[in-house]
Amino acid sequence: MAAVGWVSALTALLRAGGLVRVALLHHVTWSGNSLCHVIGGRPFRTRRHDRATNLWPLALLSFCFFEPLGWVWDVRCPPVRLAARRA
């Protein structure tokens, strides 16, 4: 009977941890999107109805920390394309 209690406790811990992880992921994602739309800048022209903007502090975080940690991969930064868009 004690083993069933431990299994239930472990299952509850993993489920609660999963819910916290999902909630944190969604809040971070939505906060980043909100910040970019409210105070972000657009250093290049976009399509007519595209309201996407950039926020350099978030870009630094995602570019500098996520790639070395292995959270993102195949990061490409074509300087020629960025220069052409800014012109």
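Throughout, numbering of the chain's residues begins at 1 and tracks the sequence.
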Exercise. How many angstroms lie between atom OG of S34 and atom CD1 of I39, to the nearest 0.5 angstrom?
Worked result: 10.5 Å
Problem set entry | Same apolar cluster (I L V M F W Y, side chains within < 4.5 Å links), L35/W30 | no
For this session: Run through V28, V22, L24 and flag the one making a side-chain contact (heavy atoms from CB on, under 4.5 Å) with H26.
Result: V22
Exercise. Of the non-hydrogen atoms in H27 and A23, which two are nearest, and what is the gap between them?
Worked result: ND1-O, 2.8 Å
Problem set entry | Separation between CG of L14 and CZ of R21, rounded to the nearest 0.5 Å | 11.0 Å
